[in-house]
Asks: 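Handing you this structure, nothing more for now.
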Amino acid sequence: MFPNMFPLATNQMQQFSALPVMPVQAMTQQATRHARRVYVGGLPPTANEQSVATFFSQVMAKIGGNTAGPGDAVVNVYINHDKKFAFVEMRSVEEASNAMALDGIIFEGAPVKVRRPTDYNPSLAATLGPSQPNPNLNLGAVGLTPGSAGGLDGPDRIFVGGLPYYFTETQIRELLETFGPLRGFDLVKDRETGNSKGYAFCVYQDLAVTDIACAALNGIKMGDKTLTVRRANQGANPQQPKPEQESILMHAQQQIALQKLMLQPALVATKVVCLTHAVSSDELKDDEDYDEILDDMRQECSKFGTLVNVVIPRPPPDGEPAAGVGKVFLEYVDIDGATKARAGLNGRKFDGNQVVAVFYPENKFAQGDYEG
């Protein structure tokens with residue numbers, strides 16, 4: 001009956017039936033992929049797809065993180081061997097969220113970072129399943145303490161920007177812990193040089209102090225920088241603390257005033273000046289370019305006093321991170337020359353980058369310790 005009523009219907013139906021149809025399951029997997037993938041950083045050189053998949057499947061089972069039934073939690077692993085990170089794809093959104101509790105776990109003798117990938121969409125993920133790890137996970141079964149690391153997702157995540165590049169990780173944590181212990185902390189560093197990029201993220205164990213910390217720290221001047229501190233998902237206007245928190249805020253601001261004195265760049269002058277943001281790792285790889293940069297530095301920096309030595313650490317051929325890469329060390333014959341160099345070079349532009357110049361401990365420099 002139908003072919004007689006619609007003569008073209010039969011042919012058209014045959015054409016449509018020949019088209020590939022994506023199964024509903026495949027469509028669902030594609031839509032949830034951003035929320036099912038986990039970034040794992042800091043992998044040892046020996047890591048491979050199989051070892052990572054086996055390890056995380058076993059660990060997820062031990063902590064009770066498998067929620068999609070029997071079988072392995074990991075369905076796929078992609079490894080970037082050059083940059084030592086992996087994307088680990090889980091079976092479900094909930095299992096990926098449970099994996100966030102594994103930040104800092106020891107894999108083949110090294111602690112690894114467990115984070116959300118850059119394409120993770122928090123607002124969309126919230127409609128697909130839990131975005132936080134199950135609080136009842138048995139993390140002790142794999143040697144982790146609940147809240148000891150990670151926890152850097154969610155509305156209480158704080159962005160800390162405008163950090164002077166000479167601040168160490170320890171100094172930044174001390175400043176933030178004026179308000180209480182941290183549940184998670186991540187100082188963002190340049191992947192090639194390991195130097196601070198000037199911003200970090202943190203979450204407090206006591207979430208009630210989040211707005212107090214933001215209000216107390218935001219806008220504070222540290223050296224030649226001004227801190228920007230706010231909830232990471234809130235935009236440029238940090239939320240103000242409630243009236244009952246004002247006394248806590250005043251006390252915290254007094255503590256920060258003391259911290260500022262401790263965190264200023266070394267005021268004790270030495271014969272050695274350390275420059276950051278004057279050179280990049282890529283510029284130091286070629287021998288001719290390196291020699292030219294070394295000569296330029298000697299000529300320019302000799303204007304301030306008699307130079308004894310110029311040290312510019314180079315990246316090793318194997319691409320491994322090395323201490324001091326991206327820094328320039330200037331040793332002068334006396335403190336007077338170093339003082340003039342620090343004053344003359346701090347804040348100057350090299351290839352569009354603003355240089356930071358600080359005094360460097362002479363004993364560390366003499367020992368070849370360029371990590372400070």
Asks: Where the side chain of Arg183 meets the backbone of Val203, is there a donor-acceptor pair that is under 3.5 Å apart?
Replies: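 Checking the backbone N and O of Val203 against the side chain of Arg183, no donor-acceptor pair under 3.5 Å is found.
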Asks: Which residues pass the side chain to side chain donor-acceptor pair (under 3.5 Å) test with Glu362, not counting sequence neighbours?
Replies: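 So Glu362 forms no side chain to side chain donor-acceptor pair (under 3.5 Å) with any residue.
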Asks: Where do Leu102 and Phe56 land on the side-chain contact (heavy atoms from CB on, under 4.5 Å) test, with the steps shown first?
Replies: CA-CA 9 Å; Leu102 298 173; Phe56 277 92; 4.0 Å; yes
Asks: Minimum heavy-atom separation for Asp289 to Glu283, with atom names?
Replies: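 Heavy-atom minimum between the residues: CB-O, 3.5 Å.
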Asks: Starting at CG of Leu163, measure out to CG of Leu175 and round the result to the nearest 0.5 Å.
Replies: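 Separation between the atoms: 8.0 Å.
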Asks: Got a second to check how far Asp186's CG is from Phe201's CZ, nearest 0.5 Å?
Replies: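 Taking CG in Asp186 and CZ in Phe201, the distance rounds to 8.0 Å.
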Asks: Sequence neighbours left out, what passes side chain to side chain contact (heavy atoms under 4.5 Å, CB included) with Ser302? Give chain and number order.
Replies: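 Counting only residues at least two positions away or on another chain, Ser302 forms a side chain to side chain contact (heavy atoms under 4.5 Å, CB included) with Leu307.
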Asks: Mind jotting down which residue pairs meet the salt bridge (Lys or Arg N to Asp or Glu O under 4.0 Å) criterion with at least one end in residues 302-311? Sequence neighbours excluded, please.
Replies: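 For residues 302-311: Glu300-Lys303.
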Asks: Run the ring-ring contact (aromatic ring centres under 6.0 Å, His included) test against Phe365 and tell me which residues pass, sequence neighbours left out.
Replies: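 Once residues adjacent in sequence are excluded, Phe365 has no partner under the ring-ring contact (aromatic ring centres under 6.0 Å, His included) criterion.
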Asks: Could you measure the distance from the CG atom of Leu330 to the CZ atom of Arg298? Nearest 0.5 Å is fine.
Replies: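 With rounding to 0.5 Å, CG (Leu330) is 10.5 Å from CZ (Arg298).
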Asks: Work out which heavy atom in Phe85 is nearest to a heavy atom in Gly41; give both atom names and the distance.
Replies: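 So the two residues come closest at CB-CA, 4.0 Å.
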Asks: Any side-chain heavy atom of Leu284 sitting closer than 4.5 Å to one from Pro315?
Replies: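 The answer is yes, as the side chains (C-beta and beyond) meet within the 4.5 Å cut-off.
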Asks: Within the structure provided, determine whether Leu345 and Phe304 are in side-chain contact (heavy-atom separation under 4.5 Å).
Replies: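 Side chain of Leu345 against side chain of Phe304, heavy atoms only: contact under 4.5 Å found.
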Asks: Please report the closest heavy-atom contact between Ile220 and Ala216, naming both atoms and the distance.
Replies: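 Heavy atoms of Ile220 and Ala216 come nearest at CD1-O, 3.2 Å.
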Asks: Please answer whether the main-chain N or O of Val273 pairs with a side-chain N or O of Tyr332 as donor and acceptor at a distance below 3.5 Å.
Replies: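 It does not hold such a pair.
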Asks: When you compare the side chain of Ile105 with that of Phe55, does any pair of heavy atoms fall below 4.5 Å?
Replies: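 Side chain of Phe55 against side chain of Ile105, heavy atoms only: contact under 4.5 Å found.
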Asks: Decide whether Gln50 and Thr54 meet the rule of one side-chain donor and one side-chain acceptor closer than 3.5 Å.
Replies: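 Yes, side-chain donor-acceptor contact under 3.5 Å.
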Asks: Check the pair Leu176, Tyr204 against side-chain contact (heavy atoms from CB on, under 4.5 Å), reporting the backbone distance first and the verdict last.
Replies: CA-CA 9 Å; Leu176 295 171; Tyr204 285 94; 3.7 Å; yes
Asks: Who else is in Val333's hydrophobic cluster (ILVMFWY, side-chain heavy atoms under 4.5 Å, direct or via others)?
Replies: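 Result for Val333 is Val308.
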Asks: Side chains of Val328 and Val355: closer than 4.5 Å at any heavy-atom pair?
Replies: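 A side-chain contact under 4.5 Å is absent here.
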Asks: How about Leu43 and Glu108: do any of their side-chain heavy atoms sit closer than 4.5 Å?
Replies: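 With C-beta onward as the side chain, the pair stays apart.
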Asks: Short question: side chain of Thr270, backbone of Tyr360 - any donor-acceptor pair under 3.5 Å?
Replies: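 Such a contact is found between Thr270 side chain and Tyr360 backbone.
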Asks: Shortest non-hydrogen contact from Phe107 to Ala47?
Replies: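 Looking at all heavy atoms of both residues, the closest pair is CE2-CB, 3.7 Å.
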Asks: How about Tyr199 and Thr228: do any of their side-chain heavy atoms sit closer than 4.5 Å?
Replies: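 Side-chain contact under 4.5 Å: no.
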Asks: With sequence neighbours excluded, tell me which residues meet side chain to side chain contact (heavy atoms under 4.5 Å, CB included) with Glu292.
Replies: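 Here the qualifying residues are Asp296.
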Asks: Checking Glu49 now: which residues fulfil salt bridge (charged side-chain N to carboxylate O under 4.0 Å, His left out) with it, not counting sequence neighbours?
Replies: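 None.
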Asks: Would you please name every residue forming a salt bridge (charged side-chain N to carboxylate O under 4.0 Å, His left out) with Asp72, sequence neighbours left out?
Replies: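 Checked Asp72 against salt bridge (charged side-chain N to carboxylate O under 4.0 Å, His left out); zero matches.
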Asks: Side-chain heavy atoms nearer than 4.5 Å, only ILVMFWY residues, links allowed to pass through others: does that put Val75 and Val52 together?
Replies: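 No, Val75 does not connect to Val52 through the hydrophobic network.
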Asks: Not counting sequence neighbours, which residues clear side chain to side chain contact (heavy atoms under 4.5 Å, CB included) with Thr127? List them please.
Replies: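 Thr127 satisfies side chain to side chain contact (heavy atoms under 4.5 Å, CB included) with Leu124 once adjacent residues are dropped.
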Asks: Looking only at heavy atoms, what is the nearest atom pair of Gly219 and Thr226, with distance?
Replies: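 Scanning both residues, the minimum pair turns out to be O-CG2, 3.5 Å.
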Asks: Check the pair Leu182 / Glu177 against side-chain contact (heavy atoms from CB on, under 4.5 Å), numbers first and verdict last.
Replies: CA-CA 7 Å; Leu182 297 174; Glu177 286 173 347; 3.9 Å; yes
Asks: Roughly how far, to the nearest 0.5 Å, is CG of Asn218 from CZ of Arg230?
Replies: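 So the CZ of Arg230 and the CG of Asn218 are separated by 9.0 Å.
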Asks: To the nearest 0.5 angstrom, please state how far the NE2 atom of His81 sits from the CG atom of Asn48.
Replies: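 The distance works out to 7.0 Å.
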Asks: For Asp287, give me all partners under salt bridge (charged side-chain N to carboxylate O under 4.0 Å, His left out), at least two apart in sequence or on another chain.
Replies: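 Applying salt bridge (charged side-chain N to carboxylate O under 4.0 Å, His left out) to Asp287 gives Arg314.
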Asks: Measure the CG-CZ distance between Asn76 and Phe87 for me, rounded to the nearest 0.5 Å.
Replies: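 So the CG of Asn76 and the CZ of Phe87 are separated by 12.0 Å.
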Asks: Does the side chain of Arg157 reach to within under 4.5 Å of the side chain of Phe159, using non-hydrogen atoms?
Replies: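 In short, these two side chains do not touch, never coming nearer than 4.5 Å.
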Asks: Report whether Tyr39 and Leu128 are members of the same hydrophobic cluster (ILVMFWY, side-chain heavy atoms less than 4.5 Å apart, transitive linking).
Replies: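 Different clusters.
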Asks: Linking I/L/V/M/F/W/Y whenever any side-chain heavy atoms sit under 4.5 Å apart, do Ile335 and Phe359 land together?
Replies: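 Looking at the clustering, Phe359 is in a separate group from Ile335.
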Asks: Looking at every non-hydrogen atom in both residues, tell me the closest pair between Arg36 and Ser92 and how far apart they are.
Replies: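 That closest heavy-atom pairing would be CG-C, 3.6 Å.
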Asks: With sequence neighbours left out, what residues match Lys271 under salt bridge (charged side-chain N to carboxylate O under 4.0 Å, His left out)?
Replies: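 With neighbours one apart ignored, the set is empty.
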Asks: Do Ile158 and Leu217 pass the side-chain contact (heavy atoms from CB on, under 4.5 Å) test, and can you show the C-alpha distance, the side-chain angles, and the key distance before you say yes or no?
Replies: CA-CA 11 Å; Ile158 295 175; Leu217 291 167; over 6 Å; no
Asks: For residues Val88 and Arg37, determine if any side-chain heavy atom of one lies less than 4.5 Å from a side-chain heavy atom of the other.
Replies: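 No, side chains not in contact.
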Asks: Show the atom names and distances, to 0.1 Å, of all donor-acceptor pairs under 3.5 Å that link a side chain in residues 93-101 to residues at least two apart or in another chain.
Replies:
residue, atom, partner, partner atom, Å
Glu95, OE1, Arg91, NE, 3.3
Glu95, OE2, Thr67, N, 3.0
Glu95, OE2, Ala68, N, 3.1
Glu95, OE2, Arg91, NH2, 2.8
Ser97, OG, Val93, O, 3.3
Ser97, OG, Arg116, NH2, 3.0
Ser97, OG, Pro130, O, 2.5
Asn98, OD1, Asn134, N, 2.9
Asn98, ND2, Gly65, O, 3.0

